[in-house]
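This report refers to the structure that appears directly beneath it.
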Amino acid sequence: MRHNSSKNLNVPPSSLLNATLDQERIALTRNLDGIDANIYKGSKIVISDIVDPYHNQEEFENRYVLRRLFYNKCAYCEKYEFKPDVEHFRPKKGVTNPNGNKHGYYWLCYNWSNLLPACSNCNSGQGKWNKFPVLGLRIVNPPISNGSLLKEHCNLNCSFLLEELPKLLNPEIDHPENFIRLKWNGYFEGIDGGTGVKNDPNNGRGWTSIICYDLNRGNLIFGRKKAIDNLTKLFEKAFALFRENSNVESLVFLLLKGYETLHNMRSPTCEFSFVLEYIFNHFENYVNECFNDLKLVEKKLLKQEFLKYQNSI
Ligand SMILES: [Zn+2]
């Protein structure tokens, strides 16, 4: 999961603007049956962007806009997902909450800030589904004043909603790297408290998000480990060649190519970019832990040249 500030919350897709009146009606009448799961998909458009995998096809506008904003990736696990669910961060109909009120945030069903693109695995029963744990007091009624829904209290980044203290990380609000760290075997680990055991009440937002979004499922661990290994192999090859030809210039050139690859792959447009960003920011630890076959002097050179590269960009 990477922080993403691409979305302009004040400019929802046109088909969502049309649903605003519906949202107010639902908020005022509490007509839960009025939440038609199909309405928020909005009108269909023809995608004219030739680099889009759905080029020249009809697509729901909201899903198309969300997919572009998240670079064709799931907002939670960063896997490429060309047909994501339009996921409600605060669940619209019901919340899994064994200790109290279970109805959802129906007045946010069409709110642009509440919608994220998610893959079916992250959004499944095994994943987030309609979970929304909070540390504070859950808001159970829409913010209404003088018969109108207070729109300024419906933006997910407003203090009214943040006072619930959501335990799940939202990539548009939070910076996941402050709560989650990468282990060199591809697993994620929470760093703001807890053990990662499912029902540990001390689990912080990191562990709670990892568990709720199911971010340590097999294919994600595999993908993250592969991203680490692919980079490691580049540097190992450079040193293997140097042992054959003793050409320092060529070695430095190949290391530079490796650093450039790392830098390019940490772009949020790339799959599992959290991994490469993490390596970039913890390069010394990465070298110490991931290169069993390098001599100490080689590791030292790999770190030294990286510092030079880092200062040059
Ligand atoms: Zn996902």
Side-chain angles (χ1 to χ4, degrees), residues 1-7 37 40-41 52-54 59-60 62-92 95-96 104 112-133 156 166-183 185-191 196 198 203-228 230 265-278:
M1 193 191 302
R2 292 290 300 276
H3 179 72
N4 185 314
S5 54
S6 308
K7 191 193 278 177
Y40 69 82
K41 288 178 179 171
D52 192 281
Y54 278 73
E59 179 63 284
F60 285 113
N62 295 327
R63 179 161 61 201
Y64 168 63
V65 176
L66 286 171
R67 188 176 66 222
R68 269 193 323 164
L69 291 171
F70 279 80
Y71 317 107
N72 299 318
K73 296 192 299 184
C74 168
Y76 299 135
C77 72
E78 272 206 279
K79 258 187 87 61
Y80 285 130
E81 176 56 66
F82 296 115
K83 206 161 189 180
D85 292 347
V86 177
E87 131 82 352
H88 290 76
F89 183 68
R90 276 176 169 76
K92 58 184 186 295
V95 177
T96 306
W112 188 218
S113 69
N114 197 32
L115 304 182
L116 294 169
C119 73
S120 54
N121 282 318
C122 285
N123 200 23
S124 70
Q126 182 75 17
K128 179 173 177 286
W129 196 235
N130 57 3
K131 302 179 187 88
F132 194 71
L156 260 56
K167 289 202 78 178
L168 293 181
L169 297 170
N170 180 321
E172 293 189 318
I173 297 172
D174 302 300
H175 289 264
E177 66 275 16
N178 295 333
F179 304 89
I180 291 173
R181 83 167 165 210
L182 174 72
K183 293 175 76 177
N185 58 6
Y187 277 75
F188 273 167
E189 191 171 59
I191 52 175
K198 200 171 181 181
N203 281 340
R205 301 185 71 204
W207 269 126
T208 304
S209 301
I210 292 165
I211 294 166
C212 270
Y213 299 136
D214 198 18
L215 295 181
N216 274 340
R217 58 182 182 266
N219 65 334
L220 298 181
I221 292 165
F222 178 81
R224 293 193 289 251
K225 182 73 170 76
K226 199 160 186 278
I228 298 168
N230 285 347
M265 298 292 284
R266 64 196 264 255
S267 157
T269 58
C270 295
E271 202 172 34
F272 302 123
S273 69
F274 183 98
V275 171
L276 286 306
E277 177 71 3
Y278 192 88

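Computed from heavy atoms alone, side chains included, the values below leave out hydrogens, waters and symmetry copies. All figures in this text were calculated on a predicted structure; none of them were measured in a lab. Both counts, for ligands and for their atoms, begin at 1 and track the order of listing.
In this view, K167 satisfies the side chain to side chain donor-acceptor pair (under 3.5 Å) rule with no residue, not counting sequence neighbours. Residues passing the side-chain contact (heavy atoms from CB on, under 4.5 Å) test with I221, sequence neighbours excluded: Y187, N216, R224. Partners of N4 under the side chain to side chain donor-acceptor pair (under 3.5 Å) rule, at least two apart in sequence or in another chain, are S6.
Here the rule is side chain to side chain contact (heavy atoms under 4.5 Å, CB included) with L220, and of D214, N121, L215 only L215 fits it.
The CD atom of Q126 sits 11.0 Å away from the SG atom of C212 when rounded to the nearest 0.5 Å.
Under the 4.5 Å side-chain criterion, counting only non-hydrogen atoms from C-beta, R181 is in contact with Y278.
The Zn ion (ligand 1) has C74 SG, C77 SG, C119 SG, C122 SG as protein N, O or S atoms under 2.8 Å away.
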